[in-house]
Undergrad: 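Okay, here's the structure, questions in a sec.
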Amino acid sequence: MSNHTTVSTFLLWGFSSFPDLRGLLFLSHNLHTPMYFFLCGLSFSETCSTMAIIPRMLVDLLSDSKTISLPECATQMFVFFGLAANNCFIMAAMSYDRYTAIHKPLHYPILMTHKICFQFITASWMVGFLVSLGIVIVVFNSSFCDSNTIQHFFCDISPVVSLACDYTSRHEMVIFGLSAFVCVFIVMSYVFIVSTVVKMPSAKGRYKAFSTCSSHLTVVCIHYGFAGFVYLRPKDRDSFREDMLMAVTYTVLTPLLNPIVYSLRNKEMQTALRKVLGKTVRFMSRCFCPPWVSHCSSSIC
């Protein structure tokens, strides 16, 4: 053993032997733009928001004990609504990105740098969780008595506050104001986009602009249509069952549909996917030829 060198680190060579697959296994350089940076942040945030409620929901479906403590309920509400508000603000940043691309295309590279995009994402996370913190403080500063059954599959605002003994209209207005601030912020962002597009003199330019923003508008209409109906309308105990069913759309279905909507309806994503698949097919045909073909160039592998 004295003639051997002691190894303290390892080298993960991995796919370095397949240089043609590096682009496929990472990301296409065509997608290194602000819009896809925001989309990456949105996908991560939505994944985290579903993880805040779905595991607990699945456990409750299979378990006879469905109890949850007040600290656990408050934590779930804080995390979920912090991430939900973050999703709203990231979508608002995406709308500003599209507005800048349409309204000021020549200044777009200056106005949407990597530093500015990172600042947008950071501000979205900070403001989102500050809004959520305000909601949780208002809700859980109340006293809870009598019934302790939450008519929902997670600790949503209205089913929880309906159990409070000292919940007043003042508390309700504070929560309504915070929820309306988040929803109106994103709606107004897209109102600016639509008004800018409508003012374009060219019909071809309007069509191109709307096709660029169609995926954004589709997601916003689906997500915030149901969410706005649930959180911005007057509440009573009979509406909780309807709210619970509608909550499935923006807690489960929308995060699943977003990657499909943004990918399949976007020409840049389609072009990048075709390039990656084309490279993969050519690579596979060179490296894994059948044995009866004599001109395989498998030496590159």
Side-chain angles (χ1 to χ4, degrees), residues 27 31-53 75-104 108-138 156-157 174-193 212-213 215-228 230-232 249-252 254-259 261-263 266:
L27 286 174
L31 305 181
H32 291 178
T33 60
M35 184 177 69
Y36 293 105
F37 177 76
F38 292 134
L39 181 58
C40 179
L42 178 64
S43 300
F44 176 76
S45 180
E46 286 189 329
T47 302
C48 293
S49 65
T50 56
M51 292 300 293
I53 59 174
T75 301
Q76 186 188 61
M77 183 182 292
F78 171 72
V79 173
F80 175 75
F81 283 101
L83 292 167
N86 176 48
N87 296 341
C88 296
F89 293 128
I90 291 179
M91 284 190 176
M94 295 173 72
S95 70
Y96 175 76
D97 172 70
R98 294 298 87 197
Y99 173 81
T100 306
I102 295 171
H103 189 60
K104 299 179 179 180
Y108 179 78
I110 302 174
L111 296 175
M112 295 302 297
T113 62
H114 291 294
K115 180 180 179 180
I116 293 176
C117 293
F118 181 78
Q119 291 173 346
F120 271 127
I121 291 290
T122 304
S124 298
W125 282 84
M126 293 178 62
V127 178
F129 278 98
L130 283 175
V131 171
S132 179
L133 180 62
I135 292 175
V136 171
I137 290 175
V138 172
D156 202 357
I157 299 172
V174 172
I175 294 177
F176 178 83
L178 291 172
S179 303
F181 165 72
V182 175
C183 292
V184 171
F185 190 82
I186 179 68
V187 170
M188 292 303 298
S189 302
Y190 282 92
V191 167
F192 280 113
I193 290 181
T212 302
C213 302
S215 57
H216 300 264
L217 295 174
T218 302
V219 172
V220 168
C221 291
I222 294 174
H223 186 99
Y224 295 99
F226 286 103
V230 169
Y231 292 107
L232 299 181
T249 59
Y250 59 84
T251 58
V252 180
T254 305
L256 292 176
L257 292 176
N258 272 351
V261 171
Y262 280 108
S263 300
N266 192 279

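FYI, side chains are in, hydrogens and waters are out, and symmetry mates aren't considered; it's all heavy atoms of this structure. Sequence positions, counted from 1, serve as the residue numbers for this chain.
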Undergrad: Given 3.5 Å as the limit, does a donor-acceptor pair link the side chain of Thr100 with the main chain of Tyr96, or not?
TA: yes
Undergrad: First locate atom CZ of Phe129, then atom CG of Leu83, and finally report the distance between them rounded to the nearest 0.5 Å.
TA: 4.0 Å
Undergrad: Could you tell me if the ring centre of Phe120 sits under 6.0 Å from that of Phe89?
TA: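 They do not qualify: ring centres at least 6.0 Å apart.
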Undergrad: To the nearest 0.5 Å, tell me how far Met94 CE sits from Asn87 CG.
TA: 10.5 Å
Undergrad: Decide yes or no for Tyr108 and Asp97: does some side-chain heavy atom of the first lie under 4.5 Å from some side-chain heavy atom of the second?
TA: yes
Undergrad: Got a donor-acceptor contact below 3.5 angstrom from the Ser124 side chain to the Asn86 backbone?
TA: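 No; zero donor-acceptor contacts below 3.5 Å.
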Undergrad: Going from CG on Leu111 to SG on Cys117, what distance comes out if it is rounded to the nearest 0.5 angstrom?
TA: 10.5 Å
Undergrad: Kindly compute the distance separating CE (Met51) from CZ (Phe80), expressed to the nearest 0.5 Å.
TA: 14.0 Å
Undergrad: Hey, could you give me the CZ/CG distance between Phe81 and Asp156, rounded to the nearest 0.5 Å?
TA: 4.0 Å
Undergrad: Kindly indicate whether the side chain of Phe38, heavy atoms from C-beta on, has any atom under 4.5 Å from the side chain of Met112.
TA: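 Yes, close enough: below the 4.5 Å cut-off.
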Undergrad: Any idea which heavy atoms bring Thr113 and Ile110 closest together, and the distance?
TA: CG2-O, 3.4 Å
Undergrad: Looking at Glu46, is its backbone amide N or carbonyl O close enough to the side chain of Ser49 to form a donor-acceptor pair, meaning the two atoms are under 3.5 Å apart?
TA: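 Flag set: sc Ser49 to bb Glu46 pair under 3.5 Å.
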Undergrad: Any side-chain heavy atom of Phe37 within less than 4.5 Å of one from Ile121?
TA: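 Heavy-atom side-chain distance check passes, below 4.5 Å.
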Undergrad: Working to the nearest 0.5 angstrom, can you tell me the gap between Leu42 CG and Cys88 SG?
TA: 9.5 Å
